[in-house]
Amino acid sequence: VQCLKVMLVQQPTLRWYSQDATPVHVQDMRVIPRSQVLEIQFGAAAFVWQRPVAVRIEHSDQVTETPIVDVTRIAQIALFALVVLAALITSLATRRAA
Amino acid sequence: MIGSEREQSTALSSMLDKVMAAAHSNAVFSAPVEAAGHTVITASEVTAGGGFGYGGGSTTQPEAALTTRPEGAEASAASAGHGGGGGGGSMGRPVAVISISADGVSVQPVVDATKLALTGITAWGAIAILAIRMATKARRG
């Protein structure tokens, strides 16, 4: 019960950090996937968003990092930007006509 | 139905643990699968959220109300009640497939065609509405 009360009165927390997943060993390669996490906790409510960002490859003293591109999200943002642009153009054209 | 405060505390801890499990790296990257000389890991975007609330209260009837009660009516000096509720959800979407082989590592993106189609329809719908409005205003002007 005390634990519940402490949870309810604690300060809201917001954390944004990167974390590495368990490394995968394939032959002499070591592959470490990396993700970004957003954690929001407010009293008895919590929200977590996590997305993959990159893959770190360690191969014979060479370290390379390959980004993980979210094609769907980029396309969605592009479409949203297109609508905003269309709205701006329409607004400007209507004002000029008036 | 949630009864005691202990049960509420347990339910809250359990629910918050489930939400916070989405912050673990295992939630985003799958366990490696080996097939035909390739080790494959899927990478997904994960979102989870939840909330819980509870409350209680008690009322005490004034003494006058008790003395003027009709005959045969039960005296109830005080009543109390409490309750709680909560909810949550999570969502996952594949983002890419990481393929590891002797030749190297490749990251192949996963395109969510349904999501893109829905966004596209919404976007073109919004543009169509704007175009119609503009045409209507131009006709009036």
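Remember, it's a predicted structure, so these values are computed and weren't measured experimentally. Sequence lines set the chain letters: A, B, ... in the order given, protein chains first and strands last, and positions in each chain run from 1.
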Chain B contacts, top residue of A:Ser91, A:Ala46, A:Ala86 (heavy-atom pairs, under 4.5 Å): A:Ala46
Interchain contact, B:Ala126 with chain A, by part (heavy-atom threshold 4.5 Å): side chain
Contact leader toward chain B among A:Thr64, A:Thr90, A:Val37, where contacts are heavy-atom pairs under 4.5 Å: A:Thr90
Structural part of A:Arg34 lying under 4.5 Å from a heavy atom of chain B: backbone
Contact origin within A:Asp28 toward chain B - heavy atom pairs under 4.5 Å: neither
Interface moiety of A:Tyr17 toward chain B, non-hydrogen atoms closer than 4.5 Å: side chain
Heavy-atom proximity to chain A below 4.5 Å, by part of B:Ser106: neither
Winner by heavy-atom pair count (cut-off under 4.5 Å) against chain A, out of B:His24, B:Arg133, B:Met91: B:His24
Heavy-atom proximity to chain B below 4.5 Å, by part of A:Val31: side chain
Contact class of A:Ile57 relative to chain B, heavy atoms under 4.5 angstrom: side chain
B:Arg93 vs B:Asp112, side-chain contact (heavy atoms from CB on, under 4.5 Å): CA-CA, chis, key distance, verdict: CA-CA 8 Å; B:Arg93 181 174 60 83; B:Asp112 190 341; 3.6 Å; yes
Which atoms of B:Ile98 approach chain A - backbone, side chain, both or neither, heavy atom under 4.5 Å: side chain
Contacting region of B:Val46 [heavy-atom separation from chain A under 4.5 Å]: both
Region of A:Gln76 in contact with chain B, defined by heavy-atom distances below 4.5 Å: both
